[in-house]
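One structure is given here, and the rest of the page talks about it.
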Amino acid sequence: MPSNFWLIAQREYLTRVKKRSFLIMTLLVPLIVAAFGFFIVKIATSDNDTQDVVQVLDTSGQNLGARLVSTKQMQFKPVQGTLETVKKDYLKSEDDGLLYLPAGLSLEAPKGVQLYAKGNVSIRKQQAVETALDKLFSEDKMRASGLSQEKLDALKTNIDVASINLDETGKEKNSNALATSGIAYALALLIYLFIFMYGVQIMRGVGEEKSSRIMEVMLSSVKPFDLMMGKIVGIAAVGLTQFLLWGILSVGATSAVTAVFADKLAATASTETAANPGGAERAAKVMGGAEVAGTDNATTPDAAAAVSERFSVFKALRGLPLGMIAFGFVIYFLGGYLLYGALFGAIGAAVDDQTDTQQFMFPITMPLILSYIIGVSVILRNPDGPVAFWMSMIPFTSPIAMVIRLPFGVPVWQLALSIGLLIAGFVFTVWIAARIYRVGVLMYGKKVTYKELSKWLFYKG
Amino acid sequence: MQPALEALNVRKVYGEHVALNDVSLAIPDRSIYGLLGPNGAGKTSLIRIITQITGADAGEIRIRGEKLAPKHIAEIGYLPEERGLYKKMKVGEQLLYLARLKGLSRTDATQRIKAWVQRFDLAPWVEKNVEDLSKGMQQKVQFIATVLHEPSIIILDEPFSGFDPINANLIKDEILALRDKGATIILATHRMESVEEMCDNIALINRSRKVLDGPVSAVKDTFRTQTYSVEGQGRLMVMHPDFEVLEHNERENGHFHDIIRLHAGTTPNDLLRYLIGNVEVHAFRELIPSINEIFIRRVRETMPETLLEEAPAA
């Protein structure tokens, strides 16, 4: 009776979705994600994007202090006076450091430079000061050796490496290796988590039905196959709902968090822009991360550059076989869940006691864990190697192995073969699970062994 | 009249173990049928075949002459020996769910649930989770779930286990009421005396085989032993050509309590006539064997080897 199947799936879905723990999990995970996002933004803004202000007391008489170039990280602010008074003033100020260039500092012997700070001087701050001084000194040295200003400018290069992916037909594709790997990794993780979390729920659900002894009542109304598949499908719907809500809430929460930050940054950026063009770029970047378009702020060349940088990531994404990825992901997501879900259900049916599940869990979770571990290491590094090929063919490992390969591009025949094998695989596991389930759910007080299980496969209805 | 349910030469084997061996039964319509036998005799195996939880290896089940088919699921209500409900589901929701699985519409089911929970004083508990109910109340919920879809055949495995005497009586009355409304009821139990008085027909099962079946009155007739319990005052002759005193108990003042078996050709009235002429009769009662005794006698006759290993539970 197909109507019974839907009733069962519906009950499995509703009882789980209505649970308080579902609500808590649904709210908690996005909060954690948001908190994590908040943390990252905080680090990004406090570390890379705040500008240290360093006072410069130049007594060298070579006009070095005024020529120090401020960067995104560091602003140099010339001060006047004796070292003693400047030190006192510095301590009263909110600035981050005081650079002292002593008299008699020469290009030949750059000694006696001192950096004062409140508390310890961070390596990063020290390096930034050193880099700025280095640059100044080497320019002066080059100029002293007879190079003109034009030649100096011409010597400056700005290297931006673009990676190009040659596909089999020899066509060039703009690729962004990081984006590709990132997508592969994320898809594999999603499938892995989904199968694990909800597979175990299937097992628990069957175990509960068995231990509450409701099986016999149920089986006098419905077929065991409907009962098992109803549970698997119902729980899949729970998982999809949960993932969907997590996705929506996470995006909502993180963009709320970053929008607050972006506002703040935009405010500071506009005041800073005049003195320091870097500010707007920072703001635009952060807002870009929060999917708040940074184009409004693209008034400065730096901001425009940031936008175009983001654009190139999108271009890289568009270069990926997105249709194939989406199609493959859905197939492997559902196929993998069905394949493993049925086996988890069979374990729940076979054992009396939740503690007995361990011995049967191991051989089932092993290929899943292995395919994930090997997937994110070996396959991610070499998505066209023999390990990748074979693991993406075996139905037990293909759901994870193949989605890792998909963003890198997979020949159609391999994809078709792998999907064919996956379908055969889950038809097979569902068949086995149904046989074990049918016998197991009414079997109590018997210590189940593999030998016993294999006998159940051949019992007549 | 056509039987409500027939089993024809049903056989079921689990691995090496034969659970049912050539069992045939005919269960008359609108009656209460006792399926009796010790634990492990095969009662539950037979029930699981009738409820289509498993299939028979040989033979067949017929419902009103029709071969058992999936459509009959809605016609059968089954209360298993192992009672169980979804613990974390509300009583009302649970009843609705189980009724809908039997093909009842939401509105029909809701109405009937309302009536039943009132009848069983469960109305305040409808919105409670099953696990918050007492064992007895859970049993009532389970009974309601069994009969909610108004099945024409109701199978109750160990119907009174888990009920206190008051609720057991309540259930007993409900069973009789259901029979009077036209349902056919099968009571499976190893506690034969608990259902003896309710059953119209019985079948005795032992070691996967049917030992005996028929109307309770006919079964008892067959196993009458022509034995009478006599209480009275006076002196009773111990030797007589027409009867034999099996047991003689004397009490003070010439009171006695004897067990007397009639010889063939003697009627109870002959004995009474003799007694009236000789002693003062206080009580005279035929000793009819209980179903339990009949079972043991029958098993001793037909399969004496099994008695040594497995005595039926009292």
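In what follows, chains are A, B, ... by sequence order, proteins preceding strands, each numbered from 1.
Under the 4.0 Å criterion applied to side-chain N and carboxylate O atoms, A/R213 and B/E81 are not assigned as salt-bridge partners.
When all heavy atoms of B/K87 and A/S211 are compared, the closest pair comes out as NZ-O, 4.5 Å. In terms of heavy atoms, A/N4 sits closest to B/R100 at OD1-O, 4.0 Å.
Other residues, nucleotides and ligands contribute more than 12 heavy atoms inside 6.0 Å of the OH atom of A/Y450. By the 6.0 Å contact criterion, CZ on B/R209 is open, its count of non-hydrogen atoms from other residues, nucleotides or ligands being 12 or less.
A/K19 does not touch chain B: none of its heavy atoms, backbone or side chain, sits under 4.5 Å away. For a residue to count as touching a neighbouring chain, one of its non-hydrogen atoms must lie under 4.5 Å from one of that chain's; by this rule A/V222 touches chain B with the side chain only. Proximity to chain A is limited to the side chain of B/R48, based on heavy atoms less than 4.5 angstrom apart. Heavy atoms closer than 4.5 Å to chain B are found nowhere in A/M215, neither backbone nor side chain.
The side-chain heavy atoms of B/Q94 and A/I214, taken from C-beta on, include a pair separated by under 4.5 Å. Between A/R11 and B/M89 the shortest side-chain heavy-atom distance falls below 4.5 Å. Proximity of B/I53 to A/S220: side-chain heavy atoms (C-beta onward) are separated by under 4.5 Å at one or more points. A/Q10 is not listed as a side-chain neighbour of B/Y97, based on a closest heavy-atom distance of 4.5 Å or more. Looking at heavy atoms from C-beta onward, A/S212 lies out of side-chain contact with B/E131 at the 4.5 angstrom threshold. Contact annotation: the side chain of B/L101 approaches that of A/I8 to within less than 4.5 Å [non-hydrogen atoms, C-beta and beyond].
Contact tally against chain A (heavy-atom pairs below 4.5 Å) for B/H149, B/K102, B/E93: the top residue is B/K102. Of the listed residues (B/Q52, B/R83, B/K88), the greatest number of heavy-atom pairs within a distance under 4.5 Å of chain A belongs to B/R83.
Atoms CG and CD, from B/L85 and A/E209 in turn, are 12.0 Å apart once rounded to the nearest 0.5 Å.
Under 3.5 Å, the side chains of B/Y86 and A/E208 contain no donor-acceptor pair of N or O atoms.
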Give the intermediate values and the outcome of side-chain contact (heavy atoms from CB on, under 4.5 Å) for residues B/L98 and A/M218.
CA-CA 8 Å; B/L98 293 172; A/M218 293 303 294; 3.8 Å; yes
